Number of protein chains: 2
Amino acid sequence: MPDPALRFDELISALKERNFRLTPQRVELVRLIAISEGHPSAAQLYAAVRSRFPTMSQATVYKTLALLKDLDQVLEIDLRDDSHYDGNRPGPHPHLICMQCNKIVDGDLELDLSSLRKLEETSGYQIVRPQITFYGLCSDCKQSR
Amino acid sequence: MPDPALRFDELISALKERNFRLTPQRVELVRLIAISEGHPSAAQLYAAVRSRFPTMSQATVYKTLALLKDLDQVLEIDLRDDSHYDGNRPGPHPHLICMQCNKIVDGDLELDLSSLRKLEETSGYQIVRPQITFYGLCSDCKQSR
DNA sequence: CTAACTGCAAAAACTTTGCACTTTT
DNA sequence: AAAAGTGCAAAGTTTTTGCAGTTAG
């Protein structure tokens, strides 16, 4: 994962570049995303921002996350129940999700670009965003069975 | 895709085997799944069953789909807004989804089992259900741009 | 006959939206 | 000052749940 301070600056720059305003709420959310090592949900980010900005609303969290998604600075991982966000590796990469405890970790799997290309040819689709999710059991939950 | 009639029998057998009851509503839903070439949503299936069984409820659709999922006879494709179901290829396989018109097609991409195995080793996860979704633009929507 | 299933309506949960107020630039 | 952002509450969705009544086996 990148240096949180650098990542923070990147995110702030991305907002400044396009003339989005740097409100305190927004900066705090960006800070949390930059230092997050996991894959927080909107609700978790909301709770965290709230501890410093008690007036923060969920609506603002969602709006800001949508903004950062549009800027390709944050990757949305949409699960059945809610969405989680990856602010450290915005590019597409696989995720492993524990079906029991819901823990999410990044998967280090290379996308085979040549077969992607082939898939585009045979399907006629232009692939924009691959989303690869492996549901399974994490090492902890495997054992407790 | 398999012969709809055969697929229908398979599905019915799977239910009979485990002593689930063959109610008319259930049989009709199974019939629709067996003949479906696409990837219908719960709402679409509900509407379709309803044309023959006007009393059919959404709850029953969801309950039956959950049942067929448990029996590994139907694959759930969960998208942001709703879930779609693949009753012809229950095993995991990739899907291509058009971001503009929402058309879903099956992707003919082999899962590289050896790299899956490697991923299990490095992550400690036991992978149960891979879900690979490629968001992009279908050939029609590509052109209309 | 009875365990399983259906169907209705209400509940749940996440996310979006409208709008008045506030704040950044 | 003007445009953008915030926050509240309400609305919108899909899916789940409880339960009384019905039905397949």
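Note that the coordinates shown come from a computational prediction; the quantities given were computed from them, not determined experimentally.
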Problem - Backbone N/O of A/G87 and side chain of A/R7: donor-acceptor pair under 3.5 Å - result: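 Present.
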Handout entry: Side-chain donor or acceptor of A/K142 paired with backbone N/O of B/G124 under 3.5 Å
Key =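 Checking the backbone N and O of B/G124 against the side chain of A/K142, a donor-acceptor pair under 3.5 Å is found.
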Practice task
Using a 4.5 Å cut-off on heavy atoms from C-beta on, say whether the side chain of A/D112 contacts that of B/L109.
Solution key: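 Heavy-atom side-chain distance check fails, nothing below 4.5 Å.
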Which pair of non-hydrogen atoms, one from [X] and one from [Y], has the smallest distance, and what is that distance?
{"X": "B/S83", "Y": "B/E76", "answer": "OG-OE2, 2.8 Å"}
{"X": "A/Y125", "Y": "B/I104", "answer": "OH-N, 4.1 Å"}
{"X": "B/S36", "Y": "B/P40", "answer": "OG-CD, 4.1 Å"}

Nearest-Å distance, [atom1] ([X]) to [atom2] ([N])?
{"X": "B/R80", "N": "D/dT15", "atom1": "CZ", "atom2": "P", "value": "12 Å"}
{"X": "B/Y46", "N": "D/dT13", "atom1": "OH", "atom2": "C1'", "value": "15 Å"}
{"X": "A/R50", "N": "D/dT6", "atom1": "CZ", "atom2": "C1'", "value": "13 Å"}

Practice task
Nearest-nucleotide wise, let me know which of A/P54 and B/D81 is further upstream toward the 5' end of DNA chain D.
Solution key: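 Its nearest nucleotide being more 5', the pick is A/P54.
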Problem - salt bridge (Lys or Arg N to Asp or Glu O under 4.0 Å) contacts in which one or both residues fall within residues 116-139 of chain A, not counting sequence neighbours - result: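 Of all non-adjacent pairs touching residues 116-139 of chain A, those that pass salt bridge (Lys or Arg N to Asp or Glu O under 4.0 Å) are A/R117-A/E120.
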Problem - salt bridge (Lys or Arg N to Asp or Glu O under 4.0 Å): pairs with one or both residues in residues 87-104 of chain A, sequence neighbours excluded - result: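 Counting only pairs at least two positions apart or across chains, the salt bridge (Lys or Arg N to Asp or Glu O under 4.0 Å) contacts touching residues 87-104 of chain A are A/R89-A/D106, A/R89-A/D108, A/K103-A/D140.
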Handout entry: For A/H95, all residues meeting ring-ring contact (aromatic ring centres under 6.0 Å, His included), sequence neighbours excluded
Key =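 Expected list: A/H39, A/H93.
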Practice task
Tell me, please, the opening and closing nucleotides of DNA chain C, 5' to 3', among those with an atom under 4.0 angstrom from a non-hydrogen atom of chain B.
Solution key: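 Taking any atom under 4.0 Å from a heavy atom of chain B, the span is C/dA3 to C/dC8.
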Practice task
Check DNA chain C against residues 56-74 of chain B and give the residues with a non-hydrogen atom under 4.0 Å, in numerical order.
Solution key: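 Heavy-atom cutoff 4.0 Å gives B/M56, B/S57, B/A59, B/T60, B/K63.
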Handout entry: DNA chain C-proximal residues of residues 13-24 of chain A, any heavy atom under 4.0 Å
Key =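 Heavy-atom cutoff 4.0 Å gives A/R21, A/L22, A/P24.
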Handout entry: Distance in Å, B/L29 CG paired with B/R52 CZ, rounded so as to fall on 0.5 Å steps
Key =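 Reported to 0.5 Å precision, the distance equals 12.5 Å.
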